[in-house]
2 protein chains.
Amino acid sequence: MLSLSKKIDYALLALSYLAHKPYRAANTKEIAEEYALPVELLAKILQKLAKAEILVSTSGPTGGYRLLLAPEKISVGAIVDIIEGRPALVQCMRSDSHSCDQIQKCTIRTPLMRVNARMLDMLDEISLAEICKDETESHLVTIPLLVRS
Amino acid sequence: MLSLSKKIDYALLALSYLAHKPYRAANTKEIAEEYALPVELLAKILQKLAKAEILVSTSGPTGGYRLLLAPEKISVGAIVDIIEGRPALVQCMRSDSHSCDQIQKCTIRTPLMRVNARMLDMLDEISLAEICKDETESHLVTIPLLVRS
DNA sequence: CTATATCCGACTAATCTAATCGGAGATGAT
DNA sequence: ATCATCTCCGATTAGATTAGTCGGATATAG
Ligand code: FES
Ligand code: FES
């Protein structure tokens with residue numbers, strides 16, 4: 001609960017890989033081997049990203065995927081949207097809108113919608129560029145890492 | 001993905017019910033019937049909340065649960081913690097810390113930890129009082145909270 | 001022509017969540 | 001003292017979701 005799916009994790013890894021190699025196409029196998037990911041699964045993820053025009057694909061030998069947009073222009077929220085659809089804290093907030101069984105008597109829906117909106121905003125504010133920064137430079141980041149007691 | 005479990009949903013409903021009836025104990029059956037929730041499941045949720053000293057329980061007939069703290073002092077984050085453990089965007093951030101399979105080559109862990117921290121902060125900032133407000137007053141905000149220990 | 005790619009839907013496997021069950025211990029009412 | 005009603009708790013089953021696989025189509029460089 002409240003976790004990213006592996007698909008999203010894989011997508012972010014792949015996109016960060018591609019962001020570091022903007023000058024040539026990288027194919028699925030190459031990326032999958034780099035991070036030891038299941039090739040078929042990664043393939044489908046990349047296909048979705050290509051269909052959503054985050055990536056551009058070229059077929060055939062020497063083919064593969066390249067980033068179509070600058071990492072600064074791609075938000076984590078957008079990626080989540082593409083791979084899994086818009087996240088929803090509870091059933092009744094999903095775009096395919098199956099309502100919760102409790103919706104008749106539910107007294108917490110409106111407040112939860114605000115929480116949901118805050119979560120979506122947060123995801124939209126995080127760019128792929130931020131995710132791509134490697135550890136050696138991540139201490140320069142503007143938003144401080146908050147340590148929890 | 002990125003959704004609350006039904007347990008959390010049920011917990012919030014029950015807590016909001018109890019927050020509206022601070023002067024007497026409400027038993028599991030009563031709350032379950034109010035929202036048409038599975039009694040046994042709700043029972044276990046309330047037990048956990050009682051063990052965590054969010055609620056107090058009294059056994060026997062006329063027994064039930066009462067809120068131990070003011071709704072302003074209870075954060076959604078604390079409730080999530082109690083019912084499901086601290087949320088983690090990816091495996092390697094869980095408290096039972098099973099690392100991701102990709103941790104050797106993973107280039108996105110540090111940035112994701114910051115995102116994770118932001119999510120936890122957000123949950124800690126939301127009080128039960130905010131969740132309990134009905135629609136007409138939900139634009140008001142409250143402040144002090146019980147943060148995760 | 002062929003090897004290597006992307007592409008796509010359908011399928012199975014694995015994991016996690018939701019719900020149920022059985023039974024022990026507390027307590028107020030009769 | 002006994003009973004009915006509650007909390008409490010572990011174990012189990014059922015259901016839903018996610019992860020991963022498979023088979024086969026299309027595109028293209030060499
Ligand atoms: S959260 Fe969906 S109806 Fe209450
Ligand atoms: S996210 Fe856990 S290792 Fe990359």
Side-chain angles (χ1 to χ4, degrees), chain A residues 1-11 13-14 18 24-33 35-66 68 80 83-85 87-88 90-91 94 96 98 100-102, chain B residues 1-11 13-14 18 24-33 35-53 55-66 80 83-85 87-88 90-91 94 96 98 100-102:
Chain A
M1 283 297 119
L2 290 174
S3 59
L4 297 178
S5 67
K6 290 198 177 180
K7 285 183 189 175
I8 305 288
D9 196 11
Y10 297 169
L13 278 172
L18 290 169
R24 64 181 186 81
N27 67 41
T28 308
K29 199 180 162 202
E30 170 187 346
I31 302 172
E33 281 174 355
Y35 301 109
L37 308 178
V39 198
E40 313 285 354
L41 183 52
L42 179 62
K44 293 177 68 169
I45 293 166
L46 295 176
Q47 282 158 28
K48 277 195 178 181
L49 292 172
K51 202 171 180 183
E53 299 184 324
I54 300 277
L55 301 177
V56 62
S57 66
T58 55
S59 289
T62 77
Y65 294 93
R66 307 175 61 165
L68 193 54
V80 172
I83 311 278
E84 310 238 292
V90 283
Q91 271 193 346
R94 303 203 323 202
D96 54 350
H98 294 291
C100 311
D101 296 337
Q102 291 77 31
Chain B
M1 282 297 117
L2 289 174
S3 59
L4 296 178
S5 67
K6 289 197 177 180
K7 286 184 188 175
I8 304 288
D9 196 11
Y10 297 169
L13 279 172
L18 290 169
R24 63 182 187 82
N27 68 38
T28 308
K29 199 180 160 202
E30 172 187 345
I31 303 173
E33 280 174 356
Y35 302 109
L37 308 178
V39 199
E40 290 89 352
L41 183 52
L42 179 62
K44 294 179 68 169
I45 293 166
L46 295 175
Q47 283 157 28
K48 278 194 177 182
L49 292 172
K51 202 170 180 184
E53 299 183 323
L55 302 177
V56 277
S57 65
T58 54
S59 289
T62 76
Y65 294 92
R66 306 176 60 167
V80 172
I83 311 278
E84 310 238 293
V90 282
Q91 271 192 345
R94 304 205 319 204
D96 54 350
H98 295 290
C100 311
D101 296 337
Q102 291 78 31

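These numbers come from a predicted model, not from an experiment. All values below were derived from every heavy atom in this structure, side-chain atoms included, with hydrogens, water molecules and symmetry-related copies excluded. Chain identifiers are assigned alphabetically (A, B, ...) following the order of the sequence lines, protein sequences preceding nucleic acid strands; residue numbering begins at 1 within each chain.
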Minimum-distance nucleotide (side-chain atoms of N27(A) versus dT6(C), dT21(D), dT7(D)): dT6(C)

Closest to the S57(A) side chain, choosing from dT17(C), dA29(D), dC7(C): dC7(C)

Nucleotide nearest T28(B) (side chain, heavy atoms from C-beta), chosen from dT20(C), dT7(D), dA19(C): dT7(D)

Phosphate OP1/OP2 of dT7(D): any T58(B) side-chain N/O under 4.0 Å: no

Which residue lies more 5' along DNA chain C, comparing K6(B) with K44(A) via nearest heavy atoms: K44(A)

Selection from dT17(C), dT6(C), dT7(D) that lies nearest to any side-chain heavy atom of S59(B): dT7(D)

Residues K48(B), E84(B): salt bridge by 4.0 Å N-O rule: no

Candidates dT17(C), dA19(C), dC8(D) - which lies nearest the side chain of Q47(B): dC8(D)

5' precedence on DNA chain D between G63(B) and P38(A) (nearest-nucleotide basis): G63(B)

Nearest-nucleotide pick for K51(A), side chain only, options being dA19(D), dG28(C), dC8(C): dC8(C)

Contact nearer the 5' end of DNA chain D, comparing P61(A) with G60(B): G60(B)

Position toward the 5' end of DNA chain C (nearest nucleotide), Q91(B) or E40(B): Q91(B)

Selected nucleotide, minimal atom distance to L41(B) side chain, candidates dT7(D), dA18(C), dG28(C): dA18(C)

From dA18(C), dT21(D), dA29(D), nucleotide with atom closest to K7(B) side chain: dA18(C)

Distance below 4.0 Å between Y10(B) side-chain N/O and dA19(C) OP1 or OP2: yes

